[in-house]
Amino acid sequence: MAKGIFPIDKLQQIETPFYYYDAEVLRKTLCSINEEAGKHEGFTVHYAVKANANPKVLRLIREAGLGADCVSGGEIEASIKAGFPSSKIVFAGVGKADREINIGLDNNIFCFNVESIPELEVINELAAAKGKVAPVAFRLNPNVGAHTHANITTGLAENKFGIAMSDMMKVISEADKLKNVRFVGLHFHIGSQILDMSDFEALCNRVNDLQNELESHRIRVEHINVGGGLGVDYAHPNRVSIPDFKAYFDTYAKKLKLRPGQTLHFELGRAVVAQCGSLITRTLFIKEGAQKKFAIVDAGFTDLIRPALYQAYHKIENITSDEPMEAYDVVGPICESTDVFAKQIDLNRAKRGDLLAIRSAGAYGEIMASQYNCRRLPKGYMSDE
């Protein structure tokens with residue numbers, strides 16, 4: 001049970017629904033990342049801001065020394081505002097608008113992760129207008145599958161992301177002709193919520209082959225960026241609150257053949273913040289149907305869309321009841337049939353006013369909230385506020 005980790009009296013006073021972030025869990029997670037990555041020379045970790053851009057969360061991550069991986073101009077601005085040094089900011093994304101590219105150029109970010117020749121040409125043109133040279137890494141699509149949900153794979157040839165492997169030499173040659181971009185690295189990302197280390201081993205093998213091919217053409221790469229993808233244990237947020245960073249970083253240390261002086265960059269998002277966050281929602285009604293009971297709560301898929309979007313599982317706990325367990329469908333108030341958090345799950349007997357904690361919601365929760373049905377966006381609170 002998780003009741004002991006929540007300050008129930010304080011939570012009862014806050015208007016629901018809202019996000020509650022456990023600062024201690026986040027700090028322990030960041031400490032583990034730094035400890036395990038720090039064992040290997042040349043490893044640099046960036047936080048994928050798309051997972052959670054709450055300013056209080058960003059501040060703790062910045063204080064831990066991580067860089068920022070951004071996929072929009074707004075994320076670059078949020079990272080700068082949170083104190084991330086521009087020298088640790090990378091900018092990825094298949095569709096960067098001119099305005100966003102200019103934000104990156106104006107802030108002298110570390111690198112643009114480029115996904116097509118037309119994008120490369122636009123960056124060169126915009127950099128030339130500012131009298132700058134933009135550092136670029138090419139995101140290659142390694143055609144490596146990942147054991148995860150089909151909607152969050154990104155490394156297959158059928159996905160929209162990255163440059164085809166067969167076009168690698170063509171793109172590097174094109175960059176060499178342009179005066180206002182500088183080729184500095186290769187970028188990869190095969191998907192998210194990956195728990196099978198063999199997926200990362202397959203990526204390492206592909207990168208090794210690529211490096212050998214490039215060196216046969218006397219091309220040396222300064223930086224290798226392998227993205228993120230490490231998953232979390234959604235079923236056991238209390239028992240396994242910190243992902244297996246040791247296995248993750250050790251896999252790359254053992255399987256990826258870095259060259260002398262080369263740096264290896266990671267872009268972890270979910271693994272950093274998922275377990276520190278819970279969506280706290282209040283039970284509005286208990287509705288008994290002919291075949292099941294519904295716990296109708298005041299949070300909906302406007303607050304946490306993952307179950308509706310990916311059929312994602314989140315552990316749900318009644319943190320204000322010690323009554324015997326009963327089976328419920330936990331549903332929200334949105335006028336859509338997909339507004340369901342879970343079906344036929346066991347909860348301590350619920351009544352109107354009980355607080356439910358939807359766990360492991362620190363990633364892709366608050367950041368993906370919407371105002372559908374003219375609902376208010378949920379607020380986020382840090383445990384040490």
Side-chain angles (χ1 to χ4, degrees), residues 21-52 57-69 79 84-85 87-90 110 144 146-148 155 185-208 223-277 360 362-363:
Y21 299 110
D22 189 322
E24 182 180 3
V25 170
L26 179 54
R27 287 191 178 100
K28 286 182 177 179
T29 302
L30 292 165
C31 182
S32 179
I33 290 171
N34 283 332
E35 180 180 350
E36 296 302 334
K39 294 176 181 177
H40 309 290
E41 185 177 354
F43 281 25
T44 299
V45 182
H46 305 262
Y47 166 63
V49 178
K50 69 176 183 174
N52 189 321
V57 171
L58 289 180
R59 176 178 55 81
L60 289 183
I61 295 171
R62 186 261 302 163
E63 288 175 354
L66 273 63
D69 160 44
S79 299
F84 286 88
S87 61
K88 289 186 175 183
I89 294 177
V90 294
F110 173 70
V144 171
H147 296 86
T148 188
L186 297 177
H187 177 225
F188 307 85
H189 181 62
I190 59 174
S192 186
Q193 187 49 22
I194 300 169
L195 297 170
D196 188 339
M197 295 300 135
S198 67
D199 291 337
F200 299 122
E201 290 183 14
L203 175 59
C204 290
N205 293 334
R206 189 60 54 88
V207 175
N208 291 338
H223 309 285
I224 300 293
N225 185 328
V226 289
L230 179 64
V232 302
D233 191 333
Y234 282 95
H236 305 100
N238 302 317
R239 195 166 74 224
V240 190
S241 61
I242 298 177
D244 192 353
F245 295 114
K246 176 175 172 51
Y248 177 71
F249 290 119
D250 282 357
T251 296
Y252 283 100
K254 294 174 183 176
K255 300 296 182 178
L256 190 63
K257 298 175 182 176
L258 288 179
R259 276 48 176 177
Q262 209 169 46
T263 60
L264 183 61
H265 296 255
F266 301 86
E267 298 169 342
L268 294 169
R270 182 195 314 268
V272 181
V273 293
Q275 297 293 40
C276 76
S360 310

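The structure presented is a predicted model; accordingly, all values stated were derived computationally and were not measured.
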request  = Among residues two or more places apart or on two chains, list those pairs meeting salt bridge (Lys or Arg N to Asp or Glu O under 4.0 Å) that have a residue in residues 251-265.
outcome  = Glu215-Arg259
ask   = Who pairs with Glu24 by salt bridge (charged side-chain N to carboxylate O under 4.0 Å, His left out), at least two apart in sequence or on another chain?
value = Lys28
ask   = Among all residues two or more places apart in sequence or in another chain, which pass the ring pair (Phe, Tyr, Trp, His ring centres under 6.0 Å) test with Tyr234?
value = His314
key: SG-CG distance between Cys204 and Leu264, expressed to the nearest 0.5 angstrom   = 8.0 Å
message = Within this structure, what is the CD1-OG distance for the pair Ile242 and Ser32, rounded to the nearest 0.5 Å?
response = 5.5 Å
key: Distance in Å, Ile61 CD1 paired with Ile33 CD1, rounded so as to fall on 0.5 Å steps   = 8.0 Å
key: Contacts of Ser87 that satisfy side chain to side chain contact (heavy atoms under 4.5 Å, CB included) - sequence neighbours left out   = Pro85
request  = Would you name the heavy atoms of Ile190 and Ile194 that are closest together and state the gap between them?
outcome  = CG1-CD1, 3.8 Å
request  = Not counting sequence neighbours, which residues clear ring pair (Phe, Tyr, Trp, His ring centres under 6.0 Å) with Tyr248? List them please.
outcome  = Phe200, Tyr252, Phe266
ask   = What residues, two or more places apart in sequence or in another chain, satisfy salt bridge (charged side-chain N to carboxylate O under 4.0 Å, His left out) together with Glu35?
value = none
ask   = side-chain hydrogen bond (donor to acceptor under 3.5 Å, both in side chains) with Asp69: which residues, sequence neighbours excluded?
value = none
note = Separation between CZ (Arg27) and CG (Leu60), nearest 0.5 Å, reads 5.0 Å
inquiry  = If you define the side chain from C-beta out and look only at heavy atoms, does anything of Leu30 sit under 4.5 Å from Leu66?
reply    = yes
remark   = Minimal heavy-atom distance between Arg270 and Ala51, with the atoms involved, is N-CB, 4.1 Å
inquiry  = Any side-chain to backbone donor/acceptor pair from Gln275 onto Val240? Under 3.5 Å, distance only.
reply    = yes
task = With sequence neighbours excluded, tell me which residues meet side-chain hydrogen bond (donor to acceptor under 3.5 Å, both in side chains) with His236.
result = Asp233, Arg239
message = Counting only heavy atoms from other residues, nucleotides and ligands, does the tally under 6.0 Å from CD of Glu41 exceed 12?
response = no
note = Hits for side-chain hydrogen bond (donor to acceptor under 3.5 Å, both in side chains) against His46, two or more places apart or cross-chain, chain-then-number order -> His265
task = Work out which heavy atom in Leu230 is nearest to a heavy atom in Pro243; give both atom names and the distance.
result = CD2-CB, 4.0 Å
task = For residues Val49 and Ala68, report the shortest heavy-atom separation together with the two atoms involved.
result = CG2-CB, 4.0 Å
request  = With sequence neighbours left out, write down each residue that passes salt bridge (charged side-chain N to carboxylate O under 4.0 Å, His left out) with Lys39, or none if nothing qualifies.
outcome  = Glu36
remark   = Looking only at heavy atoms, the pair that brings Leu268 and Phe249 closest together is CD1-CZ, 4.0 Å
request  = Kindly compute the distance separating CG (Asn205) from CG (Leu256), expressed to the nearest 0.5 Å.
outcome  = 9.5 Å
inquiry  = Quick one: does any side-chain atom of His187 pair with a main-chain N or O of Gly227 as donor and acceptor, under 3.5 Å?
reply    = no
request  = Begin from the C-alpha positions of Val57 and Tyr21 and carry the test side-chain contact (heavy atoms from CB on, under 4.5 Å) through to its verdict.
outcome  = CA-CA 8 Å; Val57 171; Tyr21 299 110; 4.1 Å; yes
task = Evaluate the side-chain proximity of Val272 to Leu26: yes if any heavy-atom separation is below 4.5 Å, no if none is.
result = yes
request  = Taking Asn34 for its side chain and Ala64 for its backbone only, find out whether a donor-acceptor pair lies under 3.5 Å.
outcome  = yes
Those residues that, when tested against Thr29, pass side-chain hydrogen bond (donor to acceptor under 3.5 Å, both in side chains) (two or more places apart) = none
inquiry  = Treating Gln193 as the side-chain partner and Val232 as the backbone partner, does any N or O pair qualify as donor plus acceptor under 3.5 Å?
reply    = yes
key: salt bridge (charged side-chain N to carboxylate O under 4.0 Å, His left out) involving Lys246 - partner list, sequence neighbours excluded   = Asp250
key: Rounded distance [0.5 Å steps], CD in Glu63 versus CZ in Phe84   = 10.0 Å
